[in-house]
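So that the names make sense, note that chain A is the first sequence line, chain B the second, and so on, each numbered from 1.
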Amino acid sequence: MTSDSSSGPIDDPLFTSGHRIFKNKDLLKIGHVPEADRIVGRDEEISKLAKRLNGAVHGYSPENVMIYGKTGAGKSLVSRHLCQRAKNAAGDDVDIGTAYIDCAEDTTETQVVSSLAMKLNDEGVTDIAVPHTGLSTSKYYKLLWRILDMRFDSVIVILDEIDLMDEDSLLMKLSRAEEAGKITCSIGIIAISNKVQYIDQLNERVKSSFQHKELFFKPYDANQLREIMHNRTDAFQDDVLTDDVIPLAAAFAAQEHGDARKAIDILRHAGEVASESDADTVREAHVRQAQQHAEKDRFRELVSGSPTQAKTALLALTELSLNSAEDSFLTSQVYDQYERICAHVELDILSVRRFRDLLKEQAFLGIVEIEKINKGSAGGIHLQNRLIEDAHIVRETILEDTRMQEWSTE
DNA sequence: ATTCCACTGGAAAGCGCGGTAG
DNA sequence: CTACCGCGCTTTCCAGTGGAAT
């Protein structure tokens, strides 16, 4: 990163090999929004959603929409696409703003409001600086209201994966802001969830203020998955995809409830595998390899991303599984093992209460399975923890952590 | 039907960190 | 500088829980 400010790519054979496979890899990125004529099999959903948003284009209130559907069913895609179109369709006299929030990243009310304010802000116009943290929730709201009124007539907000957000009053505050006279700008909310039950578990007060229509996205079928991938083949150089690649990737994705994201992921991975192995074409074998790759990557990311204490808890269960004929263990047993490991690697020992939650998190990630059992009169209630993933692989992955090195000699 | 028990899990609160505002 | 805020991680407290033994 020192010299070379000269323009244009330089023909270095070390860095050009990838171009043999890919022409425009961006087309396979996750957030990529294809042009309208490339969105497959969602015509009905698009026109329904468009009707709800119609108000925004003409400067009055768009309706709120709750979208349900499994992952990779095109929910975010269609929403983003329509926001873009609404912007284009609006006349010169109507200022439309749109914002996309991923609630997996912004999990609290404050974070979402601050992100909204930041994304909708334009410091040149409003002369408002939005700090990314440090303010109280109410101050972030006030900033947001000011920004909205200075810049827009109507705004469409997409809240993706809203079921991952821990508070729910956000929906209420956003939808009430206009009628409460806090702003004159109108807000339309598109809330996206992959849990159908989401609306049921909302607070009554929230439910009544968040007036909404519901929209359900069906999973893609195998034909649609193939078409989706065909539409993106120009991410690759001409003729590098062999004929079996797309049908196989479609088959893998169809197993996962027709997940289009998965399909595209496999396709991209397959291209990367082919590229790394210096092949001229992407073949069936690359797809299979990519599929395995993706699963290992996912697991590795899950484990290596978690804090040391969580790893230790998981390691305790792993050691028990490796050194015993049993495969499931009571929390107290796992905790004993955990204490031993902590003592050995000089790590603070957490309370049992906290420890239970750590294991529960692992269960949520699908690494551990927990079953509740009752031993009766003198027994009481217990949890049985069982490792789902292969114990050797888990152990290996955890021991990559420098803090865990000490233990590897045991 | 009742008792019994060892653990479960919700709630509240504390701590330290990284941040803003004045 | 002080006051304040959000947030992740943690502890402390304690009212359940529910099947087997009685």
Side-chain angles (χ1 to χ4, degrees), chain A residues 101-119 121 123 126-147 159 161-174 201-203 301-317 320 326 328-339 341-343 345-365 367-386 398 401 403-404:
Chain A
I101 302 284
D102 182 0
C103 300
E105 283 169 40
D106 299 333
T107 50
T108 67
E109 186 184 0
T110 317
Q111 282 167 356
V112 173
V113 180
S114 112
S115 286
L116 275 177
M118 219 176 307
K119 285 181 185 181
N121 190 26
E123 215 177 323
T126 57
D127 204 29
I128 296 175
V130 181
H132 61 280
T133 177
L135 299 191
S136 67
T137 311
S138 65
K139 284 195 175 160
Y140 275 114
Y141 271 115
K142 279 170 194 149
L143 284 181
L144 179 61
W145 301 152
R146 269 173 63 200
I147 291 168
L159 299 172
E161 305 207 57
I162 191 166
D163 43 314
L164 295 181
M165 210 176 51
D166 11 310
E167 286 130 292
D168 53 9
S169 55
L170 172 82
L171 278 179
M172 186 172 69
K173 296 216 179 106
L174 284 184
Q201 68 202 29
L202 282 183
N203 187 314
E301 219 163 283
L302 238 46
V303 174
S304 64
S306 43
T308 312
Q309 286 289 359
K311 285 181 190 167
T312 316
L314 193 54
L315 183 59
L317 180 58
L320 286 178
E326 309 288 321
S328 68
F329 306 88
L330 302 181
T331 307
S332 52
Q333 293 176 283
V334 189
Y335 188 70
D336 288 347
Q337 177 69 30
Y338 160 80
E339 283 185 307
I341 298 177
C342 282
V345 301
E346 286 166 345
L347 194 67
D348 290 345
I349 297 174
L350 300 182
S351 65
V352 198
R353 183 65 188 84
R354 176 65 185 142
F355 183 76
R356 271 204 302 273
D357 279 346
L358 289 178
L359 282 179
K360 209 174 164 189
E361 279 168 33
Q362 300 302 312
F364 186 74
L365 295 174
I367 303 175
V368 170
E369 191 178 66
I370 299 180
E371 194 192 350
K372 204 173 190 173
I373 57 161
N374 192 325
K375 294 192 172 182
S377 185
I381 288 178
H382 304 254
L383 294 182
Q384 273 194 328
N385 307 272
R386 191 173 68 81
I398 295 176
D401 188 319
R403 297 227 38 188
M404 295 286 115

Looking at [Y], is its backbone amide N or carbonyl O close enough to the side chain of [X] to form a donor-acceptor pair, meaning the two atoms are under 3.5 Å apart?
X      : Y      : answer
A:N385 : A:F329 : yes
A:N121 : A:I128 : yes
A:Y338 : A:L350 : yes

Under 4.0 Å, heavy atoms only, any strand: does [X] hit a base, just the sugar-phosphate, or nothing?
X      : result
A:L358 : nothing
A:L383 : sugar-phosphate
A:I381 : base

### Query
Going 5' to 3' on DNA chain C, which nucleotide is the first and which the last to come under 4.0 Å of a heavy atom in chain A?
C:dC5 to C:dA21

#### Entry: For the student: nearest non-hydrogen atoms of A:V345 and A:M404, plus distance
CG2-CE, 4.3 Å

### Summary
Residues of residues 307-317 of chain A with a heavy atom under 4.0 Å from any atom of DNA chain C, listed by number, are A:Q309

Expressed as a whole number of angstroms, how long is the span from [X]:[atom1] to [N]:[atom2]?
X      : N     : atom1 : atom2 : value
A:Y335 : B:dT8 : OH    : P     : 12 Å
A:L359 : B:dC7 : CG    : C1'   : 14 Å
A:L330 : B:dA6 : CG    : C1'   : 11 Å

### Task
Taking the side chain as every heavy atom from C-beta outward, state whether A:Q384 and A:L330 have any pair of such atoms under 4.5 Å apart.
yes

### Query
So, do A:H132 and A:M118 sit near enough that their side-chain heavy atoms are less than 4.5 Å apart?
yes

Under the salt bridge (Lys or Arg N to Asp or Glu O under 4.0 Å) rule, collect the residues that match up with [X], sequence neighbours excluded.
X      : answer
A:D357 : A:R353
A:K139 : none
A:E326 : none

### Message
Is the phosphate of B:dC7 approached by A:K372 (side-chain N or O, under 4.0 Å from OP1 or OP2)?
### Response
no

### Query
How does protein contact run along nucleotides 10-22 of chain B, one letter per nucleotide 5' to 3', with B for base contact, S for sugar-phosphate only, - for none, heavy atoms under 4.0 Å?
B--------BSS-

### Message
Is it the case that atom CZ in A:R386 sees more than 12 heavy atoms from other parts of the structure closer than 6.0 Å?
### Response
yes

### Message
Measuring from atom CG of A:L202 to atom CD1 of A:I162, what distance do you get when rounded to the nearest 0.5 angstrom?
### Response
7.5 Å

